[in-house]
Structure formats: C-alpha cells, structure tokens
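Throughout, a chain's letter reflects where its sequence line sits, starting with A, and its residues are numbered from 1. Because the structure is a prediction, the values reported are computed rather than measured.
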There are 2 protein chains.
Amino acid sequence: MKSGSTKQQIVDAADALFYAQGFGETSFADIAQAVRISRGNFYYHFRTKDEILDAVIDKRLSDRDEMLRNWDEMSPDPARRIACFVRILIVNQAKIIAYGCPVGTLTTELAKLDHDAQDKAIRIMALFRDWLTRQFSELGCSADAEAHALHVLSWSQGVATLAQTFKDEAFVAREVDQILAWVDKVSQKN
Amino acid sequence: MKSGSTKQQIVDAADALFYAQGFGETSFADIAQAVRISRGNFYYHFRTKDEILDAVIDKRLSDRDEMLRNWDEMSPDPARRIACFVRILIVNQAKIIAYGCPVGTLTTELAKLDHDAQDKAIRIMALFRDWLTRQFSELGCSADAEAHALHVLSWSQGVATLAQTFKDEAFVAREVDQILAWVDKVSQKN
DNA sequence: TGCGTATTAGGTCAATTGTCCTAATTGCCG
DNA sequence: CGGCAATTAGGACAATTGACCTAATACGCA
C-alpha cells in the first residue's frame, strides 16, 4: 500500500528525529519536512504528537524484539547471545557517540516530561532486562539472573552515556572487553 | 545585597527546573514564576536563555568543585574519597530515581540540542573524571588511573540511568556495593 | 468509464515561546 | 530632603508550536 508506506515513512523519520534531537525538540514541521509531505497530510495519519510517539515506541519495541529473537535463533550459547547485545556498543558506536543510547535517552527524557508514554518506553528497557535475565538463567545462574541482567544493562547504559560525553572510542572498546570478560567469568562459574 | 540575592534565586530556581524538567522544556515563565518575579525583572538579570544556562552550569561546576575539595580535606585515604563519590548514588537516591543524574542528563540533552554550552557542561563530567583520576593515581595505579576513573564514572552513570528507569532502590544498593568492592580490590592490588 | 473512499495540500487557529521596551518603584548617597 | 542609579513591573513583539478544517486530488472497484 502507498498509504501504509507514507505512514511508515512518518514513523521512520520521527524515530530518527526523536533519537537525534529528542522528542520535545522535534516538531510536526520537522517530521513533515523530513518526509516531504504537507502538515495536512501529516495530520491525516497522526492527529497528535503523542500518537506519533506511541507509534515510534511500538516500532522500537518490535525492532528490538526481532533483534533479540534473531540472536536466540542464531546461537545456542547464551554467553554468545549476551555478547551480541554488548557489542551493540561497538556496532552502533558512531550513533551512540553522537546521540547516546536510543532507549536510555528516550526513557530519561520522557521521565523528565512526566509523559504518559513513559511506561511504554520503559517496556523497551524491560524487554532487554527480561531477555538478559533469560540468558543468565540458561547459563545456570538462576538465582542472580535478574541482578546480572540489570548489571549488564546498566553497565552498557553508562558506557553509552560517557561515550557520548567524551567521544572516546578507546574507552568504549575497553569497557566492552571488560563486560565480555565479566560475562565469561560468570558463565564459567556454572 | 538584595540584587545579588534575586540573581542567585533565579539561578537556583533554573538549576532545579533544568534538572527536573530539562533545559528545553523549561521556559522563562517557569523560572520567573518559581522565583515569583515579573518577566521584565527576569530579563533585567538575564537577557537570553543561554545566559541562564551558562550561569547554571557555572553554579553546578563550582558546587561540585567545592564538594570534591571537601572530600579531599576530609579524608587522607583516596579509596575513602572515591567511596564518598560513589555513595552520592545513595545519598541523592530519591532525586536520581525521579530525574536521573543532573550531570549526565544535562550533557545528553545539550548534545542532542547541539547547544553551544555543551562543551561547558562536559567540563562538569571532566571535573569528576580528573578528580577520580587523581584519587586512583594516589592509590598507586597511575598507569590505569584515568581508565579506572572513567570506569567508575560510567558505572555510576549507568546505575543512575537504570535507577530512574525502574525506580529500583535495591538495585542501586547492590550496584553501589559492587562498585565499592571493586574500588577496594583495585586499591589492595597496590 | 464514473463513483466513492482514501489520501494529500495548504491554510487557519489560539497558545506559548524568547526577546525586547518603557514606565514605575526602590534604595543609596550627598 | 532630593537626585540618580539599580531594580522591578507589565506589556508588546514576531516567530513557532500543536491542533484543526476544508478543498482538491488520487485511486480502487463497479
């Protein structure tokens, strides 16, 4: 469908702009201009800014869900799968240095705006948390699985934040190695 | 001086509002209302929003600088001083859970706005980094001092981010213990 | 072909924004 | 006391915002 395409284009453009500029600083006009449609057409597809945010979060949720599902199928080793997650910091290094973590920065911003959608945004982080918890459980550390998951998640968030602050690629590489070593250590205990 | 007081009140109110709502989402009217002065009076003290931001960052810089200096005087043991830093996560837990880290969230926001003041905001983070580097140097790990400093700094940032996301006090306590244990381990190596 | 729905364009609206100005008030100093 | 500078008040300004409407167009199906 051409219509679905336009709607999808809007969501994609909004996704990128919310990431690069933040939700609050991105206007209808910005998104409409990025997709090169009129504001009227824009309003036909999304009546409020919150509706776009909702669609963007849905897209991010399903994108990440698909990514995690791919890793589940790709490797039978949970430690390897966790490594895939951690290495996002390397794979997306350029964007993270420029804009930070898409999940963390959105969550933080919506919390400050006290926005209705913040619960939904948190679900993306929870998706990661629960997936990581499953991986650590499969590694045999059921008792500490969620604590380990939160540990890796917060560690990654911290690296993303400082990567953006100091634009230091060597730091990112160093920390990623440390996280991977930590995961190895934990997985060899069991 | 009464005049200095008004100006200081404005900076204090702006500081709190920038932290709680973000810089972009805080308007002149918000700050003026918080101090209960007219917009005209406000304009007398600060002609642009960027001027207020500049003053707020200056205040945050000197506040943190004073805090670090106090710790330097208070304890002769670098490991103890680092522990003071880490424990901010506990001391300021309520605010961090609500609004995240004041330094990290401002840095992230200004980076997304591509704001002129972002270099100055980064200086607050650099202040922490350099202070932590000095502590680790005194601990005897000169070679890795800056890497250790960035490690502790990013770790704390990550904990703050996830604390805000999941509002989980137990997680914060757990991670702070881990950081302190890690600092102990590093300091006992030397 | 032509009809009806889906889509697009462009303009309007009140509200809010940062910025700026002028007039009134305060308070200090001679 | 009077005068002058510092401070405060309140309004005006253009620009931008999210939201809304109507008219024109495109398109699928009979």
Would you indicate which nucleotide in [options] comes nearest to any side-chain atom of [X]?
X	options	result
Tyr44(A)	dT19(C), dT7(C), dG10(D)	dT7(C)
Phe28(A)	dA9(C), dT17(D), dA19(D)	dA19(D)
Asn41(A)	dA9(D), dT8(D), dT7(C)	dT7(C)

[Y] versus [X], side-chain donor and acceptor atoms under 3.5 Å:
X	Y	answer
His115(B)	Asp50(B)	yes
Asn41(B)	Ser38(B)	no
Trp155(B)	Gln178(B)	no
Asp184(A)	Gln188(A)	no
Trp131(B)	Asp72(B)	yes

Look at [X] and [N] and indicate whether a side-chain polar atom (N or O) is within less than 4.0 Å of OP1 or OP2.
X	N	answer
His45(B)	dT8(D)	yes
Thr6(B)	dT7(D)	no
Ser38(B)	dG10(D)	no

Whole-Å distance between [N] [atom2] and [X] [atom1]?
X	N	atom1	atom2	value
Ile10(A)	dT7(C)	CD1	C1'	11 Å
Ile31(B)	dT17(C)	CD1	P	11 Å
Gln21(B)	dT17(C)	CD	C1'	14 Å
Asp50(A)	dA19(D)	CG	P	7 Å
Phe46(A)	dC20(D)	CZ	P	16 Å
Phe42(B)	dT22(C)	CZ	C1'	19 Å
Gln33(B)	dG10(D)	CD	P	14 Å
Lys7(A)	dT8(C)	NZ	C1'	15 Å

Task: Centroid-centroid under 6.0 Å between Phe166(B) and Phe171(B) rings - done: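 Ring centres of Phe171(B) and Phe166(B) not closer than 6.0 Å.
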
Open item on the list: Protein within reach of the bases, or only the backbone? For nucleotides 21-26 of chain D, mark each nucleotide 5' to 3' as B, S or -, using heavy atoms under 4.0 Å.
Closed with: ------

Task: Residues Glu109(A), Lys112(B): salt bridge by 4.0 Å N-O rule - done: no

Task: Earlier contact from the 5' end, DNA chain D, for Asp30(A) and Arg36(B) - done: Arg36(B)

